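One structure is given below, encoded as structure tokens.
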Number of protein chains: 2
Amino acid sequence: MNAGAKAPTLHDVARAAGVSLATASRSLNGSERKVNEEYRVRVLAAAAELGYTPNLSAQAVAKGTTMTVALLVGDIADPYFSSIAAGVIRASEEAGLIVTMAATERDATRELDLVKALRGQRPRVLILAGSRFAGEETQPALAAELDAFESTGGRVVFISQPELPFDTVLLDNYGGARQLARALVDLGYRRFAAISGSESLLTARDRLTGFMDGLAEHALSIPTEHIVHTEFTRDGGYDAATELLQRGIDEVELVFAVNDVMAVGAMSALREGGRIPGETIALAGYDDIPTVRDVTPALTTVRIPLEDVGRQAVELALAPKSDRETATPIAATVVLRGSTPVLATTAVTD
Amino acid sequence: MNAGAKAPTLHDVARAAGVSLATASRSLNGSERKVNEEYRVRVLAAAAELGYTPNLSAQAVAKGTTMTVALLVGDIADPYFSSIAAGVIRASEEAGLIVTMAATERDATRELDLVKALRGQRPRVLILAGSRFAGEETQPALAAELDAFESTGGRVVFISQPELPFDTVLLDNYGGARQLARALVDLGYRRFAAISGSESLLTARDRLTGFMDGLAEHALSIPTEHIVHTEFTRDGGYDAATELLQRGIDEVELVFAVNDVMAVGAMSALREGGRIPGETIALAGYDDIPTVRDVTPALTTVRIPLEDVGRQAVELALAPKSDRETATPIAATVVLRGSTPVLATTAVTD
DNA sequence: GCTAACAGGGAAAGCGTCTTCCGCACCGGC
DNA sequence: GCCGGTGCGGAAGACGCTTTCCCTGTTAGC
């Protein structure tokens with residue numbers, strides 16, 4: 001292979017097939033115009049022979065539009081995001097679109113920079129799955145950037161938070177957590193602790209609020225000293241549980257972590273601290289990531305069909321704009337598992 | 001926002017700044033040529049004012065090269081791949097490159113199609129992390145496609161398998177498994193079962209062979225009926241363990257699954273089948289994905305620094321070609337955890 | 001004071017593709 | 001037999017950007 005060679009161009013194909021550039025172009029992409037079958041075959045043969053692949057960048061320039069979907073996630077190694085990404089990728093491929101991904105590392109400034117950079121690709125769709133924070137000072141700049149993007153024909157879809165006026169795949173974080181609280185009270189739990197993310201992280205906030213409101217329906221609450229705010233990661237959960245143990249949670253019956261990744265970390269910490277999950281302490285999470293079926297005991301959580309969320313983001317983006325208002329939140333369903341056994345001992349107080 | 005608007009072009013910026021296209025171009029991308037500071041400032045201001053973002057496709061066409069890394073994985077929701085992807089994305093971003101991803105769904109035909117499609121992007125680098133199979137009939141076509149890609153200046157990097165003559169980030173699957181076997185024998189284990197992937201899946205094969213060879217050093221082996229081949233997924237592991245239980249593995253002391261995802265599935269199945277992992281049956285996996293620290297008992301496994309693997313793939317691709325031969329395999333290290341306690345009972349037989 | 005060298009702005013020629021427009025050939029209708 | 005269509009190939013002009021090349025204005029050297 002002569003390394004200096006250039007990729008064959010449409011021009012080369014046309015020449016090899018003995019037709020004009022226009023005819024070659026028309027034969028190779030399903031254009032409106034018909035092309036003489038004999039020519040078409042000749043062009044296809046020449047293309048195959050030369051190993052021609054259309055230059056997508058050139059096509060994009062010529063057509064003024066691309067076939068790419070840009071996806072922004074917080075951290076691709078986090079199962080929450082990777083499940084969503086899997087959905088986005090599948091749905092995009094079905095629609096003949098290519099996905100480009102970037103990770104914000106949960107940093108709003110980085111997110112803004114990445115949006116700027118990704119805009120340069122002129123993607124058809126920009127999906128923002130990274131977490132939103134309350135009171136970000138980058139918010140106006142982000143909104144401006146996204147506005148500009150939409151005004152030039154792009155489509156923006158957020159996942160989870162309807163903070164900005166763009167299409168959003170709504171996750172019912174508040175409602176799901178509230179249902180979970182009710183279900184846990186029904187099981188007999190009365191004394192809770194909670195592990196949440198940063199206070200400004202909207203997803204964490206909504207879930208915690210929903211949970212507290214669910215408890216409030218039964219005149220229950222979580223004392224402030226039993227709520228720990230921490231990193232939205234496995235290690236954050238581990239640290240938070242350790243902290244709780246130090247603060248003293250002897251009488252606490254159940255720890256609610258606002259996402260599964262944290263819950264799993266907390267589970268390890270609690271066990272190491274002598275509180276056996278599912279026996280001497282109950283534990284619940286949120287998201288229903290795949291692994292929580294396989295921890296011991298299996299984790300009670302709120303199921304979000306994450307891959308569907310990714311799919312729907314793509315579908316929403318590809319649908320005509322008018323559907324915007326009709327978006328219904330993705331249903332969240334409580335899944336009770338071994339980590340929250342029926343609490344018989346306190347049933348009498350009910 | 002007038003939705004019909006077009007994104008501002010360099011032309012618009014130049015006009016707004018009252019300079020020529022060439023000057024605008026030179027001001028906005030760090031070109032060799034110097035540009036009068038006054039002009040430069042004016043151009044930058046105009047660009048900011050208009051919200052200009054260079055059209056990457058157009059740049060690619062003009063320059064004849066892109067800033068894209070294409071990454072092909074088996075399944076992005078699998079923690080093995082998503083960890084690698086995280087490394088690829090981080091390293092790429094540090095190098096100013098954008099990552100596009102596609103999922104092969106572990107299908108060789110699909111992989112070939114995707115390579116063809118991704119080639120159209122003219123990426124600088126193409127990373128193939130999907131699993132290789134022995135005797136794929138698509139192999140020659142894939143090789144041809146990749147050859148063509150490299151001959152036009154692209155760089156191909158494989159992860160894990162040195163099946164084809166391209167740069168490869170080598171994982172020492174054989175050696176790691178062999179070490180694991182030795183370590184387990186040292187702990188006192190003598191009777192094994194194994195859960196592997198498809199017989200043609202090279203990674204699975206290497207690991208199983210390494211493990212068996214490690215046992216063979218101590219004149220041990222695994223009877224054929226204690227080896228199950230299954231899907232390379234969590235559910236595959238679960239099903240395989242169920243199958244083993246049915247076949248009867250009462251006297252088996254340890255089950256080796258060739259990857260962690262399968263091991264975790266197997267763990268659940270074994271527990272449900274009455275064999276308590278870490279107590280009445282031991283279990284070991286491979287990869288050291290994040291979650292295996294948090295299952296109970298924590299899983300013994302072979303650690304691969306997955307994110308580093310992703311990073312190295314990018315670095316290898318960006319390094320001059322001459323380094324090709326010097327590639328050393330990524331070290332695999334055995335990590336003993338609670339799922340394989342010391343087997344005191346059989347220590348006497350040693 | 002004159003020339004040589006250099007800096008740096010701008011015009012214009014690409015890059016690979018699509019698409020409009022032109023024109024030719026062939027067809028059917030009257 | 002003539003005329004208006006229609007079908008389809010090809011030339012050429014975009015698309016947005018980079019980069020070469022030209023040319024003018026400045027500076028340095030003698």
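This one's a predicted model, so the numbers in the text were calculated from it and none came from an experiment. Letters A, B, ... are given to chains in the order of the sequence lines, protein chains preceding strands, and every chain is numbered from 1.
- In this structure, the side chain of T168(B) engages the main chain of F166(B) through a donor-acceptor pair within 3.5 Å.
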Please tabulate, one pair per line, all N/O donor-acceptor pairs under 3.5 Å involving side-chain atoms of residues 10-17 of chain A, not counting sequence neighbours.
| from | atom 1 | to | atom 2 | distance (Å) |
| --- | --- | --- | --- | --- |
| D12(A) | OD1 | R15(A) | NH2 | 3.2 |
| D12(A) | OD2 | T9(A) | N | 2.8 |

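- E150(A) places a side-chain N or O within 3.5 Å of a backbone atom of V156(A) that can act as its donor or acceptor partner.
- Residue K116(A) holds its NZ atom at 10.0 Å from CG of L142(A), rounded to the nearest 0.5 Å.
- Annotation: the span from S151(A) atom OG to K6(B) atom NZ amounts to 12.0 Å, rounded to 0.5 Å.
- Side chains of L21(B) and S25(B) form no contact here, defined as non-hydrogen atoms less than 4.5 Å apart.
- Counting to the nearest Å, the C1' atom of dC17(D) and the CD atom of Q121(A) are 16 Å from each other.
- No side-chain N or O of T138(B) forms a donor-acceptor pair with one of E111(B) less than 3.5 Å apart.
- Residues from residues 8-21 of chain B lying near DNA chain D, meaning a heavy-atom separation below 4.0 Å, are T9(B), L10(B) in numerical order.
- One N or O on the side chain of S27(B) and one on the backbone of T23(B) form a donor-acceptor pair closer than 3.5 Å.
- Within a heavy-atom distance below 4.0 Å of DNA chain C, the residues of residues 33-46 of chain B found are R33(B), K34(B), V35(B), N36(B), Y39(B).
- Side-chain N/O atoms of R26(A) and base N/O atoms of dG10(D) include a donor-acceptor pair closer than 3.5 Å.
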Let me have the donor-acceptor pairs involving side chains of residues 54-65 of chain A, under 3.5 Å, with sequence neighbours excluded, atom names and distances please.
| from | atom 1 | to | atom 2 | distance (Å) |
| --- | --- | --- | --- | --- |
| N55(A) | OD1 | S57(A) | N | 2.9 |
| N55(A) | OD1 | A58(A) | N | 3.0 |
| T65(A) | OG1 | R124(A) | NH1 | 3.0 |

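- Extent of DNA chain C lying under 4.0 Å from chain B heavy atoms, first and last nucleotide in 5' to 3' order, is dG8(C) to dC15(C).
- Within the 4.5 Å cutoff, no side-chain heavy atoms of V115(A) are placed close to those of F149(A).
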Criterion salt bridge (Lys or Arg N to Asp or Glu O under 4.0 Å) on R90(A) and E94(A), from CA distance to verdict: CA-CA 6 Å; R90(A) 294 220 174 93; E94(A) 283 166 20; over 6 Å; no

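- Checking Y52(A) against A22(B), the closest nucleotide of DNA chain C that is more toward the 5' end is the one next to A22(B).
- The side-chain heavy atoms of L318(A) and L97(A), taken from C-beta on, include a pair separated by under 4.5 Å.
- Among V314(A), L72(A), I84(A), the single residue meeting the side-chain contact (heavy atoms from CB on, under 4.5 Å) criterion with I127(A) is V314(A).
- Listed by residue number, the members of residues 53-70 of chain A with any heavy atom below 4.0 angstrom from DNA chain C are P54(A), N55(A), A58(A), Q59(A), V61(A), A62(A), K63(A).
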